[in-house]
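Contents: one structure, followed by commentary.
Quick note on labels: first sequence line is chain A, next is B, and so on, each numbered from 1. Values reported hereafter were calculated over all heavy atoms of this structure, with side chains retained and with hydrogens, waters and symmetry mates removed.
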Number of protein chains: 2
Amino acid sequence: MRKATIKDVAKHAGVSTATVSYVLNGVEGKVSQETVEKIYKAIKELNYIQNFSAVSLVKKKSRLLGVIIPQTEDCKQLLLENPFYSEMISGIELKAREMGYHIILSGVDKGQSYLDVSVQRDLDGAIIMGIYQERFYEELKNVKIPIVLVDSYIHDKYFYKVGIDDEFGGYLATRHLIRNGHKKIALVTGSIRKDGVVEKRFLGYKKALREAGLFYNPDDVFENSVTYQHGLKIGRFLSETPRNITAVFATADLIALGVIRGMIETGKRVPEDYSVIGFDDIPISRIFIPSLTTIKQDIGDKGAKAAALLIQAIEEKTLSEPTREVLLTLDVIERQTVKNISIKD
Amino acid sequence: MRKATIKDVAKHAGVSTATVSYVLNGVEGKVSQETVEKIYKAIKELNYIQNFSAVSLVKKKSRLLGVIIPQTEDCKQLLLENPFYSEMISGIELKAREMGYHIILSGVDKGQSYLDVSVQRDLDGAIIMGIYQERFYEELKNVKIPIVLVDSYIHDKYFYKVGIDDEFGGYLATRHLIRNGHKKIALVTGSIRKDGVVEKRFLGYKKALREAGLFYNPDDVFENSVTYQHGLKIGRFLSETPRNITAVFATADLIALGVIRGMIETGKRVPEDYSVIGFDDIPISRIFIPSLTTIKQDIGDKGAKAAALLIQAIEEKTLSEPTREVLLTLDVIERQTVKNISIKD
DNA sequence: ATGCTTTGGTTAAACGTTTAACCCATAATC
DNA sequence: GATTATGGGTTAAACGTTTAACCAAAGCAT
């Protein structure tokens, strides 16, 4: 039993395909109520389902959104292992589906450019997570579809953006530590790339120090990758080589967790010996023992906002309009890893 | 500057579109080496990119795979929050892309059936994670595309399957506890649905007990949801209401982590007071303090295998052939949460 | 009666491919 | 020398939609 096409529906209802198409697309004033009902009846009876490939072909719209996420260094995995990304995607998918879109999830190879995919598939828009080489963004622009960048500080009015005020976040975290009496605070972080979120958080860190009249010492920053492993290494290092550091600000929860584990393994206690604050509030942070004090951003909401922004851009064809940017709020979530050391007891 | 179509390429190379199509599709013996080169040159010069919508329309193949994952109860999130799923998806996406496919990721609403999506989009196949109501599977079959079920024990030869030997896994976990001297072992688990993985793990648990001549007590199983919260509740309960239980087998790492936290919060120690073993080996389990002893399955590989199986089914049109099923191996990973209590010290 | 608008349609081209069927040299076979 | 393959193409229909352009009948004002 072949799948029913619009032609079958038309024949069955005794009208032309154009008429059917008009009701499918909800065109006003082209078809009488009576005919509309006949057509719906035919659709039901024939089990008709619209073919999107054909629609895309003529409309040049696919109701498909590209979502691209970074791969790990070795290209063996998507960075989905980072719960941060999964939560975002969850938010994106739900919102997209609610608005009648589907998402194509993809990593991006060094060689093959994403351009191909988006053009091939008539993607209506794309959400890009993470940061890439400049060449990549240029390619993206050539596709001429709306694009929203998540957590990127690329200065280009072409792109829509959603993110948080990372500098403020870094400031908030550091200030929280300072307010708890800490004066010598290490920064453990992923690579501080230009225009990345980490750079901004770093700026916030320095700003908080300055504001509190504290000395910024480059030796206190440990820059490497956004991984548990990096945190682990630094955690051990810190607890084994005596310095007068009392707290650490890790620019990602994953790193913070590593730091804590490193310290505990080498016989220190958190927060008694060291206070630690993270960033992101990924689900594990609540679960971890001790549970992590951190800067919370509503990641799922961020995804939903990104999807909504993108779809709005697509549907209003506001491509040339000034870029809009949405920023989400931030909160410090106090849990168990920060101790107030100004209160003597 | 309009996007180049196959017609432009044909004209530019001085041949018919058919010829171009033949080289695009690598058809043997239809076009001379010389012409092939001319065509490639034209493609390059015009920056031609094939339009998949048109291809799908005529070929009725989209090189698109559906990947569907469960939503949370409240439908507010995809179950992506469970790292288990993200890792699988990562495996699927990578393998699919390697083989020239893209994936459409989607949750599934109660109301709208997935059938629509797959038909509308000419999906070539789908991977289904989690288990659903029976009606859903019937619908799925009607789409008449190859489908692989992950971690499901649905008895229907129509479907391809990938999974693990869950019964053996449950057995392995329980036996590990028994070998470490435990005689009274609680089972903390998500809902034991018929044909679900949990049911099998439960069977393995009972089998190990029986084999060791231990008494199976229904009061020792705590069934609810695959969540951290459930574990937490039971962890507290167990440590606060004296019974002679010395170990718990949690059928998912997430649950195990909750159990541990619940116990620690109420003043007990793991593994000194209670041993705990989990299942899955999600990334957090290594990070957690104490790090979790668990049954490891290679989740990413599972995703890759599922994708490979599906694509093979698609390309060989072996739809009617007997279902093939792939099972992955299991290992017990000894870490810090199981203590041998038969050695007195 | 005439012309204009509105309502409810239809016709047919277009979207960008693929592919079956056809065609024509030239080479091989008997 | 007639026949048959074969290599290297071309033509045109088809895939399932949308949509601009057209049309007929009815309603209405003049």
Where along nucleotides 14-20 of chain C does protein come under 4.0 Å, by heavy atom, of base (B) or sugar-phosphate alone (S), with - for untouched nucleotides?
-BBBBBB

Which side-chain N or O atoms in residues 44-52 of chain A pair as donor and acceptor under 3.5 Å with protein atoms at least two apart or in another chain?
residue : atom : partner : partner atom : Å
A:Glu45 : OE1  : A:His12 : NE2          : 3.3
A:Asn51 : OD1  : A:Ser53 : N            : 2.7
A:Asn51 : OD1  : A:Ala54 : N            : 3.1

Are A:Tyr158 and A:Leu140 packed together at the side-chain level, in the sense that at least one heavy-atom pair is separated by less than 4.5 angstrom?
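No, their side chains stay 4.5 Å or more apart.
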
Between A:Lys95 and A:Glu98, does any side-chain N to carboxylate O distance fall below 4.0 Å?
yes

Residues from residues 30-43 of chain A lying under 4.0 Å of DNA chain C - heavy atoms
A:Lys30, A:Val31, A:Ser32, A:Thr35

Residues at least two apart in sequence or cross-chain that pass side chain to side chain donor-acceptor pair (under 3.5 Å) with A:Lys305, listed by chain then number, are A:Asp301

Surrounding NZ of B:Lys41 (heavy atoms of other residues, nucleotides or ligands, distance under 6.0 Å), is the total greater than 12?
no

Does A:Tyr153 have any ring-ring contact (aromatic ring centres under 6.0 Å, His included) partners at least two apart in sequence or in another chain, and if so, which?
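Checked A:Tyr153 against ring-ring contact (aromatic ring centres under 6.0 Å, His included); zero matches.
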
Counting any heavy atom closer than 4.0 Å, what does A:Val15 reach on the DNA or RNA strands: base, sugar-phosphate only, or nothing?
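Sugar-phosphate: the residue A:Val15, judged by heavy atoms under 4.0 Å, touches backbone atoms but no base.
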
Distance-only donor-acceptor check, side chains B:Arg63 and B:His102, under 3.5 Å
no

Can you sort out the partners of A:Ser62 under side chain to side chain contact (heavy atoms under 4.5 Å, CB included), two or more places apart, ordered by chain and number?
A:Ser56, A:Leu64, A:Asp122, A:Asp124

